[in-house]
Amino acid sequence: MTQESKRPDPEDVAKDRRQTKSGFVPQAMTANRLRDGAVIFLRQDHTWSENLVDVAVANDAEQAATLQAAADRDVAAARVVGAYLFEIAVENGDVLPLRYRERIRAFGPSIPWDRPVSADQLSR
Amino acid sequence: MYAYDEYDQAIVDQRVAQFRDQVRRRIAGELSEDEFRPLRLQNGLYLQLHAYMLRIAVPYGTLSSAQLRQLGHIARRYDRNYGHFTTRQNIQFNWIKLEEMPDLLADLARVQMHGIQTSGNCIRNITADQYAGAAADEIEDGRVYCEIMRQWSTFHPEFSFLPRKFKIALTGSPNDRAAVRVHDIGLRMHRDAAGEIGFEVMVGGGQGRTPMIAKTIREFLPKEHLLSYLEAILRVYNQFGRRDNLFKARIKILVHEIGVEKMRAAVEDEWQQIKDGPLVLPQATIDAIAAHFAPPDYRPQPADQPEVDLLRRGDAEFALWEKTNLFPHKVPGYAIVNASLKPEGLAPGDATAEQMEIVADLADRYSFSEVRVTHAQNLVLPHVAVKDLPEVWRRLREIGFATPNLGLITDIIACPGLDYCSLANARSIPVAQRLTHRFSDLARVHDIGELQIKISGCINACGHHHVGHIGILGVEKNGEEFYQITLGGSADQDASIGTILGPALSSNAVIDAVDNLIGTYLDIRQGGETFLRTVRRVGVAPFKERLYATA
Ligand code: SF4
């Protein structure tokens, strides 16, 4: 889930919602893995990835419904929890969530949060 | 401090076994999330923005060194090496794995801890003055009554499904450090005309989207009636509190809607029927609990402390720390030491496993193995001999917990906000971080003096912004983070709700805005007037004018 290098500037908010010609805002599917709670994203082949870069993009309502159906199956099968679609922008092939909330969810807190355990501590 | 008896331990151990089986069934797909959610929440396990979050109760903010050390172990073994102390005097871990929860709970149960009643519409962890049992200004150690209430409220069958969550806070000192007037029930110990110690009972305080200051419904309640009177309040609430609207379900709305007179009459009425029943607290019961909170084995301390004097004169940093981060102890030769969890640039209230362990070690060596958690998200070593202050200070400084800023502008309360919380509208922690950078000059910080900034990432107000001298509330406008500023709130014995200054400000503008408010204060303060007193004297207008003139 750590993608420090790819983290967008948190101050840089996507103000313009890029709609397709039909007026549809592209979407992607996310959930938490049941066993460990990890934030995951649905791939095109309907498996889940911890990396946003792998996520399948829905460009119309029908594609979104397909992603939803796939997610619902995994919710029912107790593999994932809290699945939902979120709005994204696709720029040069990069997926960027439109809302702050989803960016922080995808890239981790905007503050230092991974505090490695020192060797000294491990030896305790 | 209180140690579990066999009954307490059995409850917690049974709960671990029960939850182990529930997790197994959930992972096997035998329980749906709808079925499982209430079960995990009953053990303090939430699903947050990034992962499962575990909230662990720290009853009335009192921890033994062994418990704090175990929390360090939890941080390292089950989380990402740190935890977050909250305004509820609890601790939260942000990255818990469901499949590891049963083992984690078993580790917690070993030190008599759990996440029970840290969620749901029940009586939550009871909070208290963090200096209880140590403060020079206290009337009595309120933890005795907190423990009595903890036992009464744990799995109370009648109050497991209240209209909404229920929070009780208690202060045993006239100087309220527990924010009792913004709780569902606030209890203040004091003496009546005859010199007897009892409780002033306040009801209907709260924050959230409808902030209210609690109203006094009984000036003096004798100790023996504490539980019967609380039971009467809860019964009235349980019966008449609204269940039709989530936002109107707290007891503050009931008190507001029917008025304090009617509330009092209803409670007194109910109380008359149960007052002399089984809930009466015999002195022997109180004494038995009080024995757990017997004062530690204080040693007579020399009047002269040459080493401390020398350091005070020779090291300005120590002198500043001593002036700010200590509180007078009731026993001569001892001091209450605050470990500031507000170093420049880090998340308020966060502590790593190593920091927890070092504070636990310090507690063992210098504070009779006792630690406290404050609602302002700091830690306390309640009983440190003055002669040990230099060593305690050095060790705290090594781990970044000795910033001399207690009660000052950088001692900021901040909720997890959008960095962690799925309910948030905006981030809180980065605002706190930026403020600590802006106000990093200690001389300036001390010149500004007593000032509480409190930041919430949404209207739920976990960051207590309504009662901040300066309150900052995160809101979302067109997908962007904005911050609404309130002025003149206070959580102490003169509690007040802050006044909204004007339109919300952008994330970029908010730090300058605080600076602007401080500038106004420094210009117009009279004598040694604190920020809050200045606001109360002149109102918000001068602050507002100057702020929005430039904005
Ligand atoms: S105030 Fe809002 S954002 Fe902050 S912790 Fe509470 S619910 Fe979350």
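Being a predicted model, the structure only gives us computed values, none of them experimental. Quick note on labels: first sequence line is chain A, next is B, and so on, each numbered from 1.
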| query | Stepwise, does the salt bridge (Lys or Arg N to Asp or Glu O under 4.0 Å) test hold for B:Glu476 with A:Arg99? | reply | CA-CA 10 Å; B:Glu476 186 182 347; A:Arg99 288 187 67 204; 3.0 Å; yes
| task | Using non-hydrogen atoms and a 4.5 Å limit, figure out which bit of B:Leu47 sits close to chain A: side chain, backbone, both or neither. | result |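 The side chain, not the backbone.
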| field | Interchain contact, B:Gln433 with chain A, by part (heavy-atom threshold 4.5 Å) | value |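 Just the side chain, heavy atoms under 4.5 Å.
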| query | Of all heavy-atom pairs between B:Lys97 and A:Asp36, which one has the smallest distance, and what is that distance? | reply | CG-CB, 3.6 Å
| task | For B:Tyr52 and A:Leu34, work out which heavy atoms get closest and say how close. | result |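 Reported closest heavy-atom pair: OH-O, 2.7 Å.
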| query | Relative to chain B, which segment of A:Arg79 carries a heavy atom at a distance below 4.5 Å: side chain, backbone, both, or neither? | reply |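 Neither the backbone nor the side chain of A:Arg79 comes within 4.5 Å of chain B.
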| Residues from residues 29-43 of chain B approaching chain A under 4.5 Å (heavy atoms) |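 The residues closer than 4.5 Å to chain A, in numerical order, are B:Gly29, B:Glu33.
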When you compare the side chain of [Y] with that of [X], does any pair of heavy atoms fall below 4.5 Å?
X	Y	answer
B:His50	A:Ile104	yes
B:Tyr420	A:Ile111	yes
B:Arg427	A:Pro109	no

| Going from OH on A:Tyr100 to CG on B:Asp419, what distance comes out if it is rounded to the nearest 0.5 angstrom? | 10.0 Å
| Between CZ on residue A:Arg101 and CG on residue B:Leu423, distance to nearest 0.5 Å |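 That separation rounds to 8.0 Å.
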| said: Is it the case that over 12 heavy atoms from other parts of the model lie below 6.0 angstrom from the CZ atom of B:Arg365? | reply: no
| task | Just jot down the side-chain hydrogen bond (donor to acceptor under 3.5 Å, both in side chains) partners of B:Gln48, sequence neighbours excluded, or say none. | result | B:Ser422
| Any idea which of A:Gly82, A:Ala77, A:Ala78 has the most non-hydrogen atom pairs under 4.5 angstrom with chain B? | A:Ala78
| query | Does B:Glu99 offer a backbone N or O that forms a donor-acceptor pair with the side chain of A:Arg35 under 3.5 Å? | reply |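 Pair absent, no side-chain N/O of A:Arg35 close to backbone of B:Glu99.
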